[in-house]
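Working notes, beginning with the structure itself.
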2 protein chains.
Amino acid sequence: MAKFKLDDTDHKILDMLIDNTRTPFTDIAKKLLISAGTVHVRVKKMEEAGIITGSSLSLDYKKLGYAFIAYVGIYLEKTSQTQFVLNRINEIPYVTVAHVTTGKFNLFCKIRAKDTDHAKNVIFQLDDIDGVYRTETMISLEESLNDKKRLMKSIFDEMTS
Amino acid sequence: MAKFKLDDTDHKILDMLIDNTRTPFTDIAKKLLISAGTVHVRVKKMEEAGIITGSSLSLDYKKLGYAFIAYVGIYLEKTSQTQFVLNRINEIPYVTVAHVTTGKFNLFCKIRAKDTDHAKNVIFQLDDIDGVYRTETMISLEESLNDKKRLMKSIFDEMTS
DNA sequence: GGTGAAAGCACCGAGTT
DNA sequence: AACTCGGTGCTTTCACC
């Protein structure tokens, strides 16, 4: 888990790829005044180092009829059940991410559903897992994703300062 | 925001691209026993319809020294300040996503930081925003992302049933 | 660690069925 | 809507710096 050394060029390559993984390496090369081969080698190295773990499509879930987002906090009967419950949670496809947390809840997850009825169904599934004592739901009325470029820039500035 | 009609072929194309946006269309074509041109046309249509909104790199933030994740619930003095505070929140690069919510909190966000010290700093920034009455933090000890393919499959099964 | 050129493919539009 | 096909341009490798 050691920090990996990224130089200015790596950073600029990531910056151009982060919001469009299909940006041609030739375009990147032109902009950075290096050869396309170099871009290729550097991307490959970042992949091998595990910095770049993959590339994923961004889909508009609203257009697919899945506009409902909620966060569900989960209280367990005993913390020793954490792993078991986490495994059960991850079997539910409508749970997009789950966390083991400190604070109020033992577990915490984000769900994506069609509508309130569907969400109710998912939450009932969560409630029904053995060891779950109680759940608490927060419904998202509006989601605003932050720019990944901004975070990258901060991480990079931090590295080089 | 109407549902878009995706057939089995579209679904299979998305399925192959969702975890690797650089999968060659010729590979997809071979697997689906259609021509690469058809794959191209269908992807383009899904882009035009706004189903596919983009593609993004997945990075290992732990390897970049940003292993700390927390969720912060925000109580406002007045709900009329929601938009103002949301805008301020989105200026902080370490906030990766923010939501307007019902339930306990008025706003809810996810932060990514280097360590507890850094997180403290980010949370103090949130606390300092005009109109924020109080915040409540849940620290993630472990994050487990769910497979996007599984959600896609469920969405698709639902569409065709 | 970078280059530039060359070979191999992929992309993508035009024309056809 | 889907296919084929060809021009264009991207990727990837390799000998060399």
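Below, chains carry the letters A, B, ... as their sequence lines are ordered, and counting in each starts from 1.
With respect to the salt-bridge test (charged N to carboxylate O, under 4.0 angstrom), the residues B/R88 and B/E91 qualify. For A/R42 and A/D7, the salt-bridge test passes: some basic side-chain N is under 4.0 Å from an acidic carboxylate O.
Closest non-hydrogen pair, B/K110 versus B/I69, comes out as CE-CG2, 3.7 Å.
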- Message: Within the 4.0 Å limit for protein heavy atoms, which parts of nucleotides 10-17 of chain D are touched? Write it as a string from 5' to 3', B for base, S for sugar-phosphate only, - for none.
- Response: SBBB----
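Environment of NZ in A/K31: sparse, with no more than 12 heavy atoms of neighbouring residues, nucleotides or ligands closer than 6.0 Å.
Classification of the A/F105-A/Y75 ring pair by plane angle, with boundaries at 30° and 60°, yields perpendicular. Ring pair B/F108/B/Y71 is parallel by interplanar angle, where below 30° counts as parallel and above 60° as perpendicular.
Scored by the salt bridge (charged side-chain N to carboxylate O under 4.0 Å, His left out) test, B/E77 finds no partners at all (sequence neighbours excluded).
A nucleotide of DNA chain C counts as in contact with chain A when one of its atoms lies under 4.0 Å from a heavy atom; the first and last such, 5' to 3', are C/dG1 to C/dC11.
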